[in-house]
Amino acid sequence: MKNLIIPLTILISLTSCNKNGEKADAYGNFEAVETIISSESVGTILNSFINEGDVLKEGDTTFIIDGTSLQIQKQTILNQKNAAASGFSNILAQVDVLNKQKEVLNKEKERVLNLLKDSAATQKQLDDIIGQSDVLDQKIRQVKTQNQRIFDELKVFDAQLKSVDDMLKKTIVINPVKGTVLVKYSEVHELAILGKALYKIADTENIILRAYVSGTQLD
């Protein structure tokens with residue numbers, strides 16, 4: 001989308017009150033800001049809601065571009081995310097099981113420590129429990145590392161989904177400025193590509209007068 005200021009085909013002369021009433025003091029023309037609206041998506045144009053001469057408001061829908069390929073891409077990413085999320089749930093379940101085993105060992109450790117005070121247990125029994133507890137701690141750290149990897153993977157999928165959603169929004173062309181459609185460049189069934197001009201619009205209600213005067217008029 002780009003803005004241009006170009007002259008309309010209205011040429012005027014400005015005259016001031018002078019003695020002979022014939023000589024023009026300045027010459028100029030009216031100019032309007034024109035905006036060329038270009039496609040930000042790729043696909044076949046499915047619908048067009050404008051014609052040359054139409055007066056549009058800001059926010060009007062002007063074209064709809066086929067987004068089927070983007071919808072397929074989005075569904076593929078969603079499937080991949082759901083598969084990764086399934087693995088995420090499994091890992092959380094593993095951590096929960098390991099933590100419960102750790103709780104059982106901690107209780108057993110306390111029991112053995114009490115028995116050891118009364119010489120009713122051996123140091124080997126305590127060492128075995130401590131060794132088992134260390135092994136569980138190591139497994140929990142490993143599983144949490146896997147959890148972080150999958151969590152990072154889910155964030156990548158979320159970023160990809162946001163990107164596709166942004167592209168899908170661009171398949172619906174929204175008019176950005178009020179004005180009159182001067183030229184329509186694209187029609188239904190034609191292929192829209194990035195940067196292809198769709199239509200030109202200008203606000204003819206607000207025009208600029210550009211006048212030119214001679215150097216003597218400035219004296």
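A distance of 12.0 Å separates CD in Glu108 from OG in Ser133, rounded to the nearest 0.5 Å.
Side chain of Lys184 to main chain of Ile50: a donor-acceptor pair is present (N/O by atom type, distance under 3.5 Å, no hydrogens or angles). Judged purely by atom type and a 3.5 angstrom limit, Thr62 uses its side chain to pair as donor or acceptor with the backbone of Val173.
Contact annotation: the side chain of Asp166 approaches that of Lys162 to within less than 4.5 Å [non-hydrogen atoms, C-beta and beyond]. Within the 4.5 Å cutoff, no side-chain heavy atoms of Lys57 are placed close to those of Asn175. Side-chain atoms of Lys74 and Ile77, non-hydrogen and from C-beta on, never get closer than 4.5 Å to each other. No side-chain heavy atom of Asp54 sits under 4.5 Å from any side-chain heavy atom of Tyr199.
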Intermediate values then yes/no, side-chain contact (heavy atoms from CB on, under 4.5 Å), Glu190 and Tyr185 | CA-CA 10 Å; Glu190 292 182 355; Tyr185 298 110; over 6 Å; no

Just do the side chain to side chain donor-acceptor pair (under 3.5 Å) check on Gln75 and Asn79 with the steps written out, would you?
-> CA-CA 6 Å; Gln75 189 58 52; Asn79 292 341; 3.0 Å; yes

Verdict with reasoning, Lys107 to Arg111, per side-chain contact (heavy atoms from CB on, under 4.5 Å) | CA-CA 6 Å; Lys107 290 179 180 179; Arg111 189 183 71 83; over 6 Å; no

Determine, stepwise, if the pair Lys102 / Asp137 fulfils side-chain contact (heavy atoms from CB on, under 4.5 Å).
-> CA-CA 8 Å; Lys102 182 74 180 294; Asp137 286 338; 2.6 Å; yes

Are Gln148 and Asp152 close enough, and set up right, to give a side chain to side chain donor-acceptor pair (under 3.5 Å), and what steps lead you there?
-> CA-CA 6 Å; Gln148 184 61 46; Asp152 291 340; 2.9 Å; yes

Can Asp203 and Val177 be said to form a side-chain contact (heavy atoms from CB on, under 4.5 Å), step by step?
-> CA-CA 8 Å; Asp203 183 3; Val177 293; over 6 Å; no

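Between Ala84 and Ile150, the closest heavy-atom pair is O-CG2, 3.5 Å.
Around the CD atom of Glu40, the shell of radius 6.0 Å holds no more than 12 heavy atoms that belong to other residues, nucleotides or ligands. Within 6.0 Å of atom NZ in Lys109, 12 or fewer heavy atoms from other residues, nucleotides or ligands are found, so the atom counts as exposed in its surroundings.
One finds a salt bridge joining Asp128 and Lys124 here, because a Lys/Arg side-chain nitrogen approaches an Asp/Glu carboxylate oxygen to under 4.0 Å.
Linking Ile, Leu, Val, Met, Phe, Trp and Tyr residues whenever their side-chain heavy atoms come within less than 4.5 Å leaves Leu198 and Val55 in two separate clusters.
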